[in-house]
Amino acid sequence: EGQLVVSGGRWVQAGGSLRLSCAASGFTFDVYTIGWFRQAPGTQREGVSCFSSSDGSIYYADSVKGRFTISSNNAKNTVYLQMNSLKPEDTAVYYCAAVSIPDMEWSDYLRRADFGSWGQGTQVTVSS
């Protein structure tokens, strides 16, 4: 089974930007759908975005559309989440998750992510 290593979380002021990285080892992206979740204290886990390199499909949660961008560097086997115009409500632990099914629809990815590979979380804190 593959391994995902997440990095890039830190404290930032509202309006600022961060880029999270999710580096994969043991598998390649072209047969996976990979994306990001987040969970704030006392809340349910929320899907943020997912990406399938085989067909280029990308999905975003409504809460982050226009502010967050998911991308990948296949040569580095790394997926990124560029987060701009950050808000205090973006404060959460962010995780990446890979599911071994390419070209998944957003709802399928959210439903099946529990059965995929997960990276450790990285804390993002946005202060007002």
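One-based numbering along the sequence shown.
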(request) For D55, enumerate each residue passing the salt bridge (charged side-chain N to carboxylate O under 4.0 Å, His left out) test, keeping only those at least two apart in sequence or located in another chain. (result) none

(message) Restricting to non-hydrogen atoms, name the atom on Q123 and the atom on V93 that form the minimum distance, rounded to 0.1 Å.
(response) OE1-CG2, 3.2 Å

(message) So which atom in S85 and which in R67 form the shortest heavy-atom distance, rounded to 0.1 Å?
(response) O-NH1, 3.0 Å

(message) Please enumerate all residues that pass salt bridge (charged side-chain N to carboxylate O under 4.0 Å, His left out) together with R10, with sequence neighbours excluded.
(response) none

(request) Quick one: which residue pairs count as a side chain to side chain donor-acceptor pair (under 3.5 Å) with a foot in residues 92-102, not counting sequence neighbours? (result) R38-Y94

(request) Give every residue pair that meets the salt bridge (charged side-chain N to carboxylate O under 4.0 Å, His left out) criterion with at least one member in residues 113-125, sequence neighbours excluded. (result) R45-D114

(request) For S52, check side-chain hydrogen bond (donor to acceptor under 3.5 Å, both in side chains) against everything at least two apart and list the hits. (result) S54, D103

(message) Within the 4.5 Å heavy-atom criterion, are F68 and S49 side-chain neighbours or not?
(response) no

(message) Suppose the criterion is disulfide bond (SG atoms under 2.5 Å apart): which pairs have a residue in residues 54-86, not counting sequence neighbours?
(response) none

Acceptor/donor pairs from residues 11-20 side chains to any protein atom, 3.5 angstrom cut, sequence neighbours excluded:
from	atom 1	to	atom 2	distance (Å)
W11	NE1	S127	OG	3.4
S17	OG	N84	OD1	2.9

(request) Please check if I101 and W106 belong to a single hydrophobic cluster, counting links between Ile, Leu, Val, Met, Phe, Trp and Tyr side chain heavy atoms closer than 4.5 Å. (result) yes

(message) Side-chain heavy atoms nearer than 4.5 Å, only ILVMFWY residues, links allowed to pass through others: does that put V99 and V5 together?
(response) no

(request) Following the transitive rule for hydrophobic clusters with a side-chain heavy-atom cut-off under 4.5 Å over Ile, Leu, Val, Met, Phe, Trp and Tyr, establish whether M104 and W36 coincide in one cluster. (result) no

(request) Grab the two heavy atoms, one from G47 and one from A61, that are nearest each other, plus how far apart they are. (result) O-CB, 3.3 Å

(message) Do Y32 and L110 sit in one hydrophobic cluster, given that two such residues count as connected whenever their side-chain heavy atoms are within less than 4.5 Å of each other, even indirectly?
(response) no

(message) Please find the pair of heavy atoms, one from S72 and one from F51, that lie closest to each other, and give the distance.
(response) OG-CE2, 3.2 Å

(request) Using salt bridge (charged side-chain N to carboxylate O under 4.0 Å, His left out) as the criterion, list what pairs up with R111, not counting sequence neighbours. (result) D108

(request) Provide the closest heavy-atom pair for S21 versus T78 in the form atom of the first, atom of the second, distance. (result) CB-CG2, 4.2 Å

(message) With salt bridge (charged side-chain N to carboxylate O under 4.0 Å, His left out) as the rule and sequence neighbours excluded, what pairs involving residues 74-85 come up?
(response) none

(message) Once side-chain hydrogen bond (donor to acceptor under 3.5 Å, both in side chains) is applied, do any residues pair with R112, and if so which ones, sequence neighbours excluded?
(response) none

(request) Can you sort out the partners of W118 under ring pair (Phe, Tyr, Trp, His ring centres under 6.0 Å), two or more places apart, ordered by chain and number? (result) F37

(request) Any disulfide bond (SG atoms under 2.5 Å apart) involving residues 14-94? Give me the pairs, sequence neighbours left out, ordered by first then second residue. (result) C22-C96

(message) Run D62 and K65 through salt bridge (charged side-chain N to carboxylate O under 4.0 Å, His left out) and show every step you take.
(response) CA-CA 5 Å; D62 288 342; K65 279 181 182 175; 3.1 Å; yes

(request) Measure from the side-chain N and O atoms of Y60 to the backbone N and O of I70, and report whether any donor-acceptor pair falls under 3.5 Å. (result) yes

(message) Is there a continuous path of hydrophobic side-chain contacts, each under 4.5 Å between heavy atoms, that joins M83 to V6?
(response) yes

(message) To check you understand the geometry: which heavy-atom pair defines the closest contact between Y109 and I34, and what is its length?
(response) OH-C, 3.8 Å

